[in-house]
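Every heavy atom of this structure was used, including side-chain atoms; hydrogens, water molecules and symmetry mates were not. What you see is a predicted model, and the numbers here were worked out from it, not measured in a lab.
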Amino acid sequence: MVNTMKSNVNKTIIEELNTSHSLPREKWHTLLSSFTEEDRIYAASLARRVADEIYGNDVYIRGIVEFSNTCNRNCYYCGLRAGNTKLERYRLSPDDIYSCCEDGYRYGFRTFVLQSGEDPYYTTEMICDLVRRLKKGYPECAVTLSIGEKSFEDYAAFKEAGADRYLLRHETANEAHYGKLHPENMSWKNRMRCLDDLKSLGYQTGCGVMIGSPEQTIDCLVDDMLYMQDFKPEMIGLGPFLPHSDTPFRDKPKGSYEMTLFLISLCRLMLPHVLLPATTALGTIRPNGREQGILAGANVIMPNLSPVRVRDKYMLYDNKICTGDTSSECRGCLERRMEAIGYKIVIARGDYNG
């Protein structure tokens, strides 16, 4: 009886979110601290209906080029951290990166995501030259950058060069929690400043959370939902925390698969037009995780365009999937997976349409 009453309360809260697209702190806390599998399934059904109304059964693909695994940061959770001396480092040349995008264009990708560790080898000028080259070669394509914390001037230069989108997970909207995931020389305030700068410059801006990261509490997740409710990003990346064996968090438990799916659904209800990827981490924690992410309200898949020779060196966490597949194999596999659940991969930029 008690569980039934809780579920009825949660169902009412979910319906309120679907209608008003926002919740006060206490209702977020109630929902996240007491949801059941029945609640999760109900939220997914509403979220999928919302996504279908806005985007149909289209799934947008983004081709990721992981062009450097060198990083000058020492985040405690990340396999690319500067302190990981076991990792064989690599850097792709601008020509290599462009070649990956050439291949991607042939396979139907119309968004290229250039992603790396925070590697000072790639100067602002180098990144701008690469963006201009891609926009000249493929003017109908979007270029997304995911290269970390930069100055306002750097972000402005990338935008002027033609970059359309920028991904920068905020990781946690709770400053104290941020300090438990990063060394003292990293600043939560600076991370938030970066996101504000990106928004102000007109990027389609993506933030996001690691679900179940060490010492994350329900209050931390409530802070995340309230932050995103207010910030209104065009993109949100949500994936479960997965440990890496060469980090201080090697023995920490994985994040919750169910909580990740639930939050995908809640983000869709909160921000109906948001671009939501079903992440590689979801597919790593469960074989059908990406399909379930789509059915929970996601509408983006981000396969890899990096050369196969370097893919197993870009390991943010252990056991990452699809490191041995060629770009064409990955594209074909995802197409079949999406068709099996009633969705189709489309050849399109897939812009935010809110």
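- Think of I41 as one node in a network of Ile, Leu, Val, Met, Phe, Trp and Tyr side chains linked at under 4.5 Å; it has no links at all.
- The minimum heavy-atom distance between A296 and S265, with the atom names listed, is O-OG, 2.7 Å.
- With hydrogens and angles left out, the side-chain atoms of T30 and N10 include no donor and acceptor closer than 3.5 Å.
- Of the N and O atoms on the side chains of R268 and N299, at least one donor lies less than 3.5 Å from an acceptor on the other residue.
- The structure places CG of L226 at 11.5 Å from CG of N174, a figure rounded to the nearest 0.5 Å.
- Judged as a salt bridge (Lys or Arg N to Asp or Glu O under 4.0 Å), the pairs with a partner in residues 219-233 (not counting sequence neighbours) are, in order, R25-D223.
- In this structure, a donor-acceptor pair under 3.5 Å is present between the side chains of T36 and D39.
- Residues M192 and I236 fall within the same hydrophobic cluster, defined by Ile, Leu, Val, Met, Phe, Trp and Tyr side chains chained together at heavy-atom separations under 4.5 Å.
- Side-chain contact between L266 and L31 is present, with at least one heavy-atom pair separated by less than 4.5 Å.
- Between Y77 and F241, a ring centre-to-centre spacing not shorter than 6.0 Å is recorded.
- Between Y227 and H170, the angle of the ring planes lies from 30° to 60°, which puts this pair in the tilted group.
- The two residues P214 and L181 make their nearest non-hydrogen contact at O-CD2, 3.7 Å.
- For an aromatic pair to be called close, the ring centres must be under 6.0 Å apart, and H182 with Y76 fails this.
- In this structure the side chain of L238 never reaches within 4.5 angstrom of the side chain of M210, judged on heavy atoms.
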Report task. Any chance you could lay out the salt bridge (Lys or Arg N to Asp or Glu O under 4.0 Å) test for R40 and E37, step after step, and finish with the verdict? Result -> CA-CA 5 Å; R40 187 194 70 74; E37 180 66 2; 2.9 Å; yes
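- Using a 4.5 Å cut-off on side-chain heavy atoms (C-beta onward), M302 and T111 make no contact.
- Applying the side-chain contact (heavy atoms from CB on, under 4.5 Å) test between F109 and each of P303, C141, S327 identifies P303 as the sole match.
- Both tests hold for K11 against Y42: distance to the six-membered ring centre under 6.0 Å, angle to the ring axis within 45°.
- The closest donor-acceptor contact from the side chain of E53 to the backbone of V50 lies at 3.5 Å or more, if one exists at all.
- A distance of 9.5 Å separates CZ in R133 from CD1 in I97, rounded to the nearest 0.5 Å.
- Using a 4.5 Å cut-off on side-chain heavy atoms (C-beta onward), C78 and Y317 make no contact.
- A donor-acceptor contact under 3.5 angstrom links the side chains of W28 and Q229, judged on distance only.
- Residue E140 places its CD atom among more than 12 non-hydrogen atoms of other residues, nucleotides or ligands, all under 6.0 Å distant.
- The number of heavy-atom neighbours closer than 6.0 Å to NZ of K199, taken from other residues, nucleotides and ligands shown, is above 12.
- Salt-bridge check for R165 with D351: passed, with a basic side-chain N closer than 4.0 Å to an acidic carboxylate O.
- In the model, N84 has no side-chain atom that pairs as donor or acceptor with a side-chain atom of R81 under 3.5 Å.
- A cation-pi arrangement, defined by a distance under 6.0 Å to the six-membered ring centre and an angle within 45 degrees of its axis, is absent between R191 and Y178.
- At least one donor-acceptor pair closer than 3.5 Å links the side chain of T12 to the backbone N or O of N8.
- Ion pairing of E16 with K27 is present here, as a side-chain N (NZ or NE/NH1/NH2) and a carboxylate O approach within less than 4.0 Å.
- Cation-pi geometry between R110 and Y105 is satisfied (NZ or CZ under 6.0 Å from the ring centre, within 45° of the ring normal).
- The CG atom of D129 sits 8.5 Å away from the CE atom of M126 when rounded to the nearest 0.5 Å.
- No side-chain donor from either of Y203 and E234 sits under 3.5 Å from a side-chain acceptor of the other.
- Residues L23 and V209 fall within the same hydrophobic cluster, defined by Ile, Leu, Val, Met, Phe, Trp and Tyr side chains chained together at heavy-atom separations under 4.5 Å.
- Remark: E160 CD is loosely packed, at most 12 non-hydrogen atoms of other residues, nucleotides or ligands lying under 6.0 Å away.
- With a 4.5 Å cut-off on side-chain heavy atoms, T70 and Y121 do not count as touching.
- Looking at L80 and E66, their side chains never come closer than 4.5 Å, going by heavy atoms from C-beta outward.
- Counted by atom type alone, D96 and S93 present one or more donor-acceptor pairs between their side chains at under 3.5 Å.
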Report task. Begin with the C-alpha distance, continue with both residues' side-chain angles, and end with the deciding distance and a verdict on side chain to side chain contact (heavy atoms under 4.5 Å, CB included) for F112 and L305. Result -> CA-CA 9 Å; F112 308 124; L305 293 178; 4.2 Å; yes
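- Considering OG1 of T323 and OH of Y314, their distance stands at 14.5 Å, rounded to 0.5 Å.
- With sequence neighbours left out, the side-chain hydrogen bond (donor to acceptor under 3.5 Å, both in side chains) criterion links S68 to D119.
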Query raised in the report: Should R250 and D246 be marked as a salt bridge (Lys or Arg N to Asp or Glu O under 4.0 Å) after you check the CA-CA gap, both sets of side-chain angles, and the distance that decides it?
Result: CA-CA 6 Å; R250 63 180 68 85; D246 297 323; 5.9 Å; no
Query - Intermediate values then yes/no, salt bridge (Lys or Arg N to Asp or Glu O under 4.0 Å), D164 and R349 - result: CA-CA 11 Å; D164 302 279; R349 280 172 50 119; 3.6 Å; yes
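- The closest side-chain heavy-atom distance from N72 to P120 is below 4.5 Å.
- No option in R286, R336, R337 other than R337 meets the salt bridge (Lys or Arg N to Asp or Glu O under 4.0 Å) test with E291.
- Among T144, L167, L134, the one residue that satisfies the side-chain contact (heavy atoms from CB on, under 4.5 Å) test with L114 is L134.
- Contact of the T205 side chain with the Y166 side chain is not registered, since no non-hydrogen atoms from C-beta on lie closer than 4.5 Å.
- Side-chain contact, N353 with Y55: a donor N or O sits under 3.5 Å from an acceptor N or O.
- If you take CG on L221 and NE2 on H29, they are separated by 9.5 Å, rounding to the nearest 0.5 Å.
- No hydrogens or angles considered: a donor-acceptor pair under 3.5 Å links the side chains of T124 and D154.
- Looking only at atom types and distance, the side chain of N69 has no donor-acceptor partner in the side chain of K313 under 3.5 Å away.
- Heavy-atom contacts from other residues, nucleotides or ligands closer than 6.0 Å to CD of E26 number more than 12.
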